[in-house]
There are 2 protein chains.
Amino acid sequence: MGATKTDLFTKQQNDIAIMAKALAHPARIAILQYLVKKNACVCGDLVDELGLAQATTSQHLKELKTAGLIQGTIEGASVCYCINPKVWKQYQQLFAGFFKEVDLNGPSCC
Amino acid sequence: MGATKTDLFTKQQNDIAIMAKALAHPARIAILQYLVKKNACVCGDLVDELGLAQATTSQHLKELKTAGLIQGTIEGASVCYCINPKVWKQYQQLFAGFFKEVDLNGPSCC
DNA sequence: TTGTAATATCGCAATATTACGATGTGTTGT
DNA sequence: ACAACACATCGTAATATTGCGATATTACAA
């Protein structure tokens, strides 16, 4: 027990859940918003920007990288991070599509 | 350790993370999609629809109710669930807003 | 009233996530 | 070569989530 039963659901349902999970932590939202605000490659800063330990920050960055939302480029001794626009757009469309399919003026409930 | 340090982040960042967390499980996505597809009040069906045990399904329903995304109405011996359009719209706008703020044609990375 | 169906809740085991110190790895300056 | 810096990774503790059997709870039907 304890593990999510992914085999019970469609690939699309699992995909949406995985994407949502990537966004399901305020530190990761903060990282993404910071990168978006700067709209450029950001080296270093991130550990100072969040209040978290360096190891923790690095872990969140790794998860965002695994999700494809950001990319890191080695720039000398440090690493530069930025949004991956292609994947960002995919997320945007997936969520927009998911939320669009409801008839908001339909019957509410019994 | 172990607990998310919510005090380090803004209310908005925590809110987005909480909303994303509500969507971060395929069973909950499946429930929402089923309710959207039916576009109406659904009694019972849900436990059969997912392959999960009744207790587990009930738990996911509770989380969606806590998130405000669905509402349940007692209808005799059973409970009818449906999307809460108002909150659904809030989620839609929040995520749309979050994803919109990026200049997709901007510089990618160093 | 007694039984049954539909849900909710409790309690627990398995697993996943979050956080951080310590340590490793590669880079830059001296 | 060596110290200092920037990150990544490892190991581990704390906490959260997932899943389910067992047990309430409530509504209805016989």
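This is a predicted model, so every value here is computed, not measured. In what follows, chains carry the letters A, B, and so on, assigned in the order in which the sequence lines appear, proteins first and then strands, with residues in each chain numbered from 1. Quick note: numbers below take in every heavy atom, side chains included, and nothing from hydrogens, waters or symmetry partners.
Residue order along DNA chain D, read from the 5' end via each residue's closest nucleotide, puts A/Lys62 first among A/Lys62 and A/Thr4.
Of the side-chain N and O atoms in B/Tyr81, none sit less than 4.0 angstrom from OP1 or OP2 of C/dA6. Within the structure, a side-chain polar atom (N or O) of A/Lys5 is placed less than 4.0 Å from OP1 or OP2 of D/dC20. A close approach under 4.0 Å does not occur between any side-chain nitrogen or oxygen of B/Lys21 and OP1 or OP2 of D/dA16. For C/dT17, neither phosphate oxygen OP1 nor OP2 lies less than 4.0 angstrom from any side-chain nitrogen or oxygen of A/His60.
Annotation for B/Thr57 and B/Leu52: closest pair OG1-O, 3.6 Å, computed over non-hydrogen atoms. Of all non-hydrogen atoms in B/Leu23 and B/Ile29, the two that sit nearest each other are O-CD1, 3.4 Å. When all heavy atoms of B/Lys65 and B/Gly72 are compared, the pair lying nearest together is CD-N, 4.2 Å.
At a cut-off of 3.5 angstrom, the base of D/dC7 holds no donor-acceptor pair with the side chain of A/Gln59.
Using a 4.5 Å heavy-atom threshold, the side chains of B/Tyr81 and B/Leu64 count as separate.
The separation between A/Leu52 atom CG and D/dA14 atom C1' is 15 Å, rounded to whole Å. B/Leu50 has its CG atom 15 Å from the C1' atom of D/dC20, to the nearest Å. Rounded to an integer number of Å, the gap from B/Ile31 CD1 to C/dT7 P is 12 Å. Between the CG atom of A/Leu64 and the P atom of D/dC7 there is a distance of 16 Å, given to the nearest Å. Rounded to an integer number of Å, the gap from A/Leu8 CG to D/dT18 P is 14 Å. Computed from coordinates, the A/His25 NE2 to D/dT15 P distance equals 14 Å when rounded to whole Å. Rounded to whole angstrom, the span from the CD atom of A/Glu63 across to the C1' atom of C/dA16 amounts to 10 Å. For B/Leu46 and C/dA6, the CG to C1' distance is 12 Å, given to the nearest whole Å.
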**Request:** Could you encode protein contacts along nucleotides 21-30 of chain C as a string, one character per nucleotide from 5' to 3', using B for base contact, S for sugar-phosphate-only contact and - for no contact, with a heavy-atom cut-off of under 4.0 Å?
**Result:** B-----SS--
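Criterion: ILVMFWY side-chain heavy atoms under 4.5 Å apart, direct or through other members. Under it, B/Leu8 and A/Leu32 are part of a common hydrophobic cluster.
For the side chain to side chain donor-acceptor pair (under 3.5 Å) test with A/Glu63, the passing option among A/Lys21, A/His25, A/Arg28 is A/Arg28; the others fail.
Ring planes of B/Phe99 and A/Trp88: perpendicular class, angle over 60° (limits at 30 and 60°).
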